[in-house]
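Each chain gets a letter, A, B and so on, in the order the sequences are listed, and its residues count up from 1.
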Amino acid sequence: MGLETFLFIIVGAVAVAAAAGMLFSKSGIHSALFLVLNLACVAVFYLMLSAPFMAMVQITVYAGAIMVLFLFVIMLLGSERIDLGLTDRRLGFQTPAAFALAVLFIVVVAAAVLTGQIPAPQPVNDVQATTHGGPGEVGAVLYTRYLLPFEMVAVLLLAATIGAVVLARDVIPTKRSQRAQMGRIRELRQMITTIETEAASAPGADGEGAEEEAAAPAPAAPAGE
Amino acid sequence: MELPTLQDLNLAVTLPSMGLALWACVVLAVGLFLPERRRHWNLVLSLGGIVALFLYNLTLFDLPADRQSAFLGMYRADNFTAFVNLIALVTAFFGVLMAYEYLKRTHIDRGEYYPLLLISTSGAMLMGASGDLAVLFVALELLSIPLYIMSGLRRPNAASEESALKYFLLGAFSSAFLVYGVALVYGAAGSTDLSEIFHRVNAGLILDQGLLLAGAGLMLVGLGFKVAAVPFHMWTPDVYQGAPTAVTGYMSVGAKLGGFAGLLRVFIVALPAVSGAGDATGWQDTIALIAALTMILGNVVAIAQRDVKRMLGYSSIAHAGYILMGAAAAGSPDVRDFAVSASLFYLLAYAFTNLGAFAVTVAIEKDDATNPQLDDFNGLSKTRPVLALAMALFMLSLTGIPPTAGVVGKFFLFQAAVNAGMVWLALIGVITSVVSAFYYLRIVVNMYLREGPGEAQAQRSFLGVAVGLAAVGTFVLGVAPVLFLDLAQRAVLVALGG
């Protein structure tokens, strides 16, 4: 048994265990961390397949950026303790169905490999290892043949950024609307003072009604900031 | 590694779409610094860019063969692209013009609307120009993502949020179908280049016929979702109803244009040789069946709608069916060129007519942005006679009654279907057109024969210009179709090289 096979068995076992851990852990944070481990194992697979660039991208983009984002979202939503939905009877059928499909998939792939439908991978020689999948090669293709899609993706990311701003931020009040709002607040304050003076002059009345009115429009004003 | 020179990239011919995306960045950057009383510069800059690129695009018809390819074959600058650009820029023009006053008076005046619209338009144009499946996919996203955002512009209004979320989730789902299809086609043909796929399929150099068919089918699902073809239409009425009306108007044409441009480009350039019965290609019957279902369901369900935007949503499904009829007819080699030009002409006619109808809907919408109902058209001929006349023209055009663009477009599409030997499909088209008269003409009846509240709303000048231009376009295309038919007929889709 060569070193590579040995390494593959170990990393593969960790990857499978991490995937299982992700599925079965009750805490959202733990699930996300298990997924990081799983993605890191996949990155090692890429290294073993002589694709160092893919491996690094896998680490930085998936295990790094995307998973950090995941963790942030889980934290912000305060959903560390996830209800796995197993109590929801309508979705209860999904677990056995997913399990059956996964088994079926493994059987099909195994049958295809054993009957020779999928050819066994050829060992990669040193020349291929240096001409395929390195950052230089990926970059050369990306900036020549795939230049147009690359530029389009840049615009796409811009559109997505604009979208995040549009959908996440409230409209900043313009000067005119601010002025109008300030005017309205001033009117309300005047009304309140007149009501209060009237209430004070009237014997036995307290100013509670007026205070309530005063409280209502107040939070509306700074909400746009 | 050989580096491509600037001549190889041939940037000049890509200017309509890539230039529009670039201009969107300019509009965005300028828009950030505009104080409120200078907000009209958003409108001026956007329209200026669109008009300039429209004029430039007119010079891109009939380019010499060596200039028809850009970005190393990723971008095709043939007459088809130029015509799609033409329709897309017209759509963007109306989309900007319709929105300006509407966004202001319904208090969702976000400067981001304009760059998003321009980016979306460039996506639609690139779908038509794609020479590679990678470009097609990115262009589809470029078209869609701004539309998702624009649907949700009236946040935190629940209907608008529902519209955006529904569109986004289902859109992402359909994109997955498209990408899966692209992957399978690549697996079968060993290339994502459309011309290359064509040659390999033609020469029988594909790995597996089943893989190719599955890939083509999944791509049809993804693109069918974009054009709202039955049975992938479920999102349409809800999204159309919830999105701000000006956005719905733009979306109803822009998304459909992109979807059809991509559909025709892929299926006619790359996959015509997928074997089917007789001379026709393998996908002809499938698309014909989808076209028939789409025409029937869209037109029948539209009858039951009271909400104008919902009704126009189902109407847009029905029109997708008519254009799909052209796409199906293009599956027969003899009819192919005619069917493509008929589809393009119909898209142009549909653009003017539908954008006009939406501009009128925007005009009668109240300031509180409640959705207009059919009864809101009551008595419009008394209060706003010109607007009512224009709306009547649009409704006649959507039905297919002369002298309008719609009737000419439908005539060409029916002719293409008959020439392709699909008389049954043309018959369904004619019958459903008659059915559609019921709900289109109901608006005309409401405007002219019913009494309304009798209160005239404020005139809206920019919207008036939009309605007027759309009416002129609808009328001119109906009376003198030759002007544009000639251009459409020069748009021929073929694979490069031999």
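Residue A:Y62 places its OH atom among 12 or fewer non-hydrogen atoms of other residues, nucleotides or ligands, all under 6.0 Å distant.
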Next item on the list: Applying side chain to side chain contact (heavy atoms under 4.5 Å, CB included), run through B:L22 and A:E151 and close with a yes or a no.
Entry: CA-CA 11 Å; B:L22 198 68; A:E151 286 181 1; over 6 Å; no
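Of the two parts of B:D8, neither the backbone nor the side chain holds a non-hydrogen atom closer than 4.5 Å to a non-hydrogen atom of chain A. The part of B:I119 that comes within reach of chain A is its side chain, from C-beta onward, which places non-hydrogen atoms under 4.5 angstrom from that chain. With a threshold of 4.5 angstrom between heavy atoms, B:A139 approaches chain A through its backbone and through its side chain. Only the side chain of A:L158 comes within contact range of chain B, with heavy atoms under 4.5 Å apart.
With a 4.5 Å cut-off on side-chain heavy atoms, A:I162 and B:R110 do not count as touching. Using a 4.5 Å cut-off on side-chain heavy atoms (C-beta onward), A:L148 and B:M18 make contact. Within the 4.5 Å cutoff, side-chain heavy atoms of A:Y146 are placed close to those of B:T192.
Nearest heavy atoms, B:D193 versus A:R145: CB-NH2, 4.2 Å. Shortest non-hydrogen contact noted between B:V138 and A:P149 is CG1-O, 4.1 Å.
Within residues 140-151 of chain B, the residues having any heavy atom closer than 4.5 Å to a heavy atom of chain A are B:E141, B:L142, B:I145, B:P146, B:I149, listed by residue number.
Rounded to the nearest 0.5 angstrom, B:E161 CD and A:L167 CG are separated by 8.5 Å.
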